[in-house]
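Here is how names work: the chains are called A, B, and so on, in the same order as the sequence lines, proteins then strands, and each is numbered from 1. None of the values given here were measured: they were computed from a predicted structure.
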2 protein chains.
Amino acid sequence: MVTLAEVAQHAGVSASTVSYVLSGKRSISANTRQRVERSIRELGYHPNAGARALASSKSNIIALMVPLRTDMYVPVMMEIAIAVATSARAHGYDVLLLTGEEGPDAVRRVAGSGIADGMILMDVELDDERLPLLRETDQPSVLIGLPADTSGLTCVDLDFRATGALCVEHLAKQGHQDIAVIGEAPAVYERHTGFAERTLEGLRSRSRELGVRLLHRPCEGGYDAMAVTLARILDERPGTSGLIVQNESAVEPLLALLRQQGRAVPEDVSVVAICPDQVAMQASVRLTSVAIPAQEMGRHAVDHLVAKLDGRGSDEVVLIAPELTVRGSTGPAPSRS
Amino acid sequence: MVTLAEVAQHAGVSASTVSYVLSGKRSISANTRQRVERSIRELGYHPNAGARALASSKSNIIALMVPLRTDMYVPVMMEIAIAVATSARAHGYDVLLLTGEEGPDAVRRVAGSGIADGMILMDVELDDERLPLLRETDQPSVLIGLPADTSGLTCVDLDFRATGALCVEHLAKQGHQDIAVIGEAPAVYERHTGFAERTLEGLRSRSRELGVRLLHRPCEGGYDAMAVTLARILDERPGTSGLIVQNESAVEPLLALLRQQGRAVPEDVSVVAICPDQVAMQASVRLTSVAIPAQEMGRHAVDHLVAKLDGRGSDEVVLIAPELTVRGSTGPAPSRS
DNA sequence: GTGAAAGCGCTAACAG
DNA sequence: CTGTTAGCGCTTTCAC
């Protein structure tokens with residue numbers, strides 16, 4: 001292993017000079033800098049992470065806590081995680097992957113051991129048990145998701161309230177009067193995951209404002225569950241002409257069922273999905289959808305965390321504005337017979 | 001921040017004693033141990049990761065390199081990643097998440113900086129550019145996936161050759177004579193990803209042995225691509241009665257298309273999938289399938305890496321035996337007309 | 001613009 | 001069974 005001291009010797013300078021060349025924290029003559037850089041290259045020097053962390057009290061690591069559960073749409077989580085890792089690298093940080101398994105203890109461990117300079121929490125619940133700890137420690141952090149009480153916290157999320165409103169608006173504008181929402185799995189609501197409830201709020205309040213009728217049914221996802229849910233919806237509200245789906249694993253089954261029942265999309269029934277663009281575009285019908293901007297969320301989270309670590313940055317809630325893309329799955333409501 | 005020295009003082013012992021209580025590397029009197037443990041608890045002490053890494057030359061971190069691409073089935077990657085993180089914690093290791101973005105440089109950086117004690121590489125290609133570096137450095141590593149040349153490497157993977165063979169066998173045993181394979185996206189084959197080619201080998205050699213006809217077509221996934229692929233297959237081999245799918249995003253579209261064309265599963269056509277159990281069970285038809293044992297792969301990779309780090313463990317290739325689960329999508333071949 | 005030297009908090013001989 | 005001590009490799013005053 002090649003050390004800073006060896007580089008210094010090879011370049012004929014002192015250790016501190018090499019250190020300063022690396023950090024750029026004081027001016028170095030062009031000549032010296034070049035000699036040092038050359039030595040670094042020739043010897044294949046890499047600063048030792050542990051030593052650096054010890055001396056500087058900075059690990060250049062960001063901890064990312066992902067949920068252990070898999071009842072949420074996994075590709076979105078993965079996309080966020082990868083976006084976080086990629087953005088972090090761009091800022092010179094590595095990412096430590098923590099699973100939800102340790103729960104709140106992970107927060108204690110990370111903060112206590114100084115293994116990471118800050119942390120990003122995904123899949124935050126409305127009343128998340130990790131938050132009290134987070135507020136106690138001075139560990140800078142950013143949440144992806146919105147808890148009930150955001151005081152003293154920095155949060156990044158899609159504006160799900162606006163998302164719900166946007167979906168209803170789009171359908172109402174096309175004349176749909178009876179709209180049904182196929183939601184996430186019941187467990188998601190029971191856990192009081194913020195995004196699911198906020199979407200629902202947006203859906204409800206906007207439909208009240210616009211005077212359209214709204215029915216919401218959670219759905220486990222998969223073909224069988226979707227079949228039951230759809231049957232129940234059409235039974236209760238036979239006039240339903242607009243569907244909003246917020247559960248990726250229900251999308252394709254829903255389309256298959258509608259096809260099977262001879263209901264044409266969008267002639268008989270319009271479908272709006274809340275899902276990643278990829279899902280909307282790969283489905284058997286090009287879906288009008290509001291995208292989940294996974295990459296953007298990951299990137300924002302890192303940017304804000306890095307800002308905090310640099311002493312800039314403040315506690316704030318960043319809600320990303322939803323965007324609805326019209327594709328082939330929505331159209332005018334069929335005339336009432 | 002509370003340090004080891006403070007704990008020592010609080011407990012009235014020396015620093016080394018505290019260290020040894022923590023590591024268990026020498027015997028401590030019950031009395032002393034209790035006093036120390038009490039102080040640790042009362043002060044809320046957590047060993048500093050950087051200092052520990054520096055002094056012991058061990059970071060207790062495992063680097064996990066995941067691919068940046070998303071043309072592979074992401075949930076499997078995620079499941080493996082989570083299994084790795086979870087197993088690693090069980091061994092006292094944390095996991096550093098590296099994206100493929102840095103490519104081979106990441107190997108250099110990790111090995112050079114000592115930030116991780118070892119690394120796990122996912123999505124290894126047959127002729128992976130990271131492998132030469134890996135062989136040069138003394139960085140212990142485990143690959144998930146199988147490169148062309150495994151000499152000097154430890155690899156963990158599903159036995160995809162046996163998987164292909166197993167699928168063909170199952171269908172042949174039921175009397176199917178014309179079998180078609182709906183494969184991964186063309187890009188996957190072009191990249192020479194090991195698993196795709198090995199599956200194909202298994203499929204081909206076993207069908208040769210069993211005297212059944214086999215047609216292989218890559219497929220991008222999604223509804224449209226699947227429609228084209230299926231049409232082409234049925235055009236070339238109208239008698240095809242057995243389908244093998246190795247592309248999760250083609251599964252549901254395939255089933256929808258078959259339904260739409262009035263081909264009953266499994267009466268008219270049998271379908272075997274190579275996919276995670278969850279996909280096989282959530283599909284609109286319960287699919288006979290060979291599971292991708294993501295968790296097991298992650299766990300194995302960690303176990304082997306930890307063994308290496310402990311000085312046990314050797315270079316070897318671990319192929320996990322495939323298991324075919326019969327569900328509702330396969331049955332006897334229809335009698336030839 | 002550069003060097004010397006004092007730690008950062010912990011581990012692991014070495015010494016009793 | 002326990003204490004003393006010398007680093008691990010780097011950052012950062014302080015001094016010139």
Requested in this report: Using side-chain hydrogen bond (donor to acceptor under 3.5 Å, both in side chains) as the criterion, point out the one residue from B:E316, B:K308, B:H304 that pairs with B:T154.
Outcome: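 Result for side-chain hydrogen bond (donor to acceptor under 3.5 Å, both in side chains) with B:T154: B:K308.
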Requested in this report: Give a yes/no answer on whether the side chain of B:T32 brings an N or O atom under 4.0 Å of OP1 or OP2 in D:dT2.
Outcome: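 Yes, because at least one side-chain N or O of B:T32 sits under 4.0 Å from OP1 or OP2 of D:dT2.
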From C-beta outward on [X], which listed nucleotide comes closest to its side chain: [options]?
X: A:P47; options: D:dC10, C:dC10, C:dG3; result: D:dC10
X: B:A55; options: D:dC10, C:dC10, D:dT4; result: C:dC10
X: A:R26; options: C:dT2, C:dA12, D:dT2; result: C:dT2
X: B:S19; options: D:dT12, D:dT4, C:dT11; result: C:dT11

Could you check whether atom [atom1] of [X] has more than 12 heavy atoms from other residues, nucleotides or ligands sitting under 6.0 Å from it?
X: B:Q9; atom1: CD; value: no
X: A:D149; atom1: CG; value: yes
X: B:R38; atom1: CZ; value: no

Test for a donor-acceptor pair under 3.5 Å between the base of [N] and the side chain of [X], counting only N and O atoms.
X: B:S16; N: D:dT4; value: yes
X: A:R35; N: C:dG1; value: no
X: B:R52; N: C:dT11; value: no

Could you tell me the separation between the [atom1] atom of [X] and the [atom2] atom of [N], rounded to a whole number of Å?
X: B:L4; N: C:dC8; atom1: CG; atom2: P; value: 13 Å
X: A:Y20; N: D:dA15; atom1: OH; atom2: P; value: 14 Å
X: A:N48; N: C:dC8; atom1: CG; atom2: P; value: 18 Å

Query raised in the report: Which of these passes salt bridge (Lys or Arg N to Asp or Glu O under 4.0 Å) with A:E102: A:R109, A:R108, A:R130?
Result: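 So, applying the salt bridge (Lys or Arg N to Asp or Glu O under 4.0 Å) to A:E102 and each of A:R109, A:R108, A:R130, only A:R109 qualifies.
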With a 4.0 Å cut-off on heavy atoms, is [X] in touch with a base, just the backbone sugar-phosphate, or nothing at all?
X: A:S57; result: nothing
X: B:I28; result: sugar-phosphate
X: B:S29; result: sugar-phosphate
X: B:S23; result: nothing
X: A:V18; result: nothing

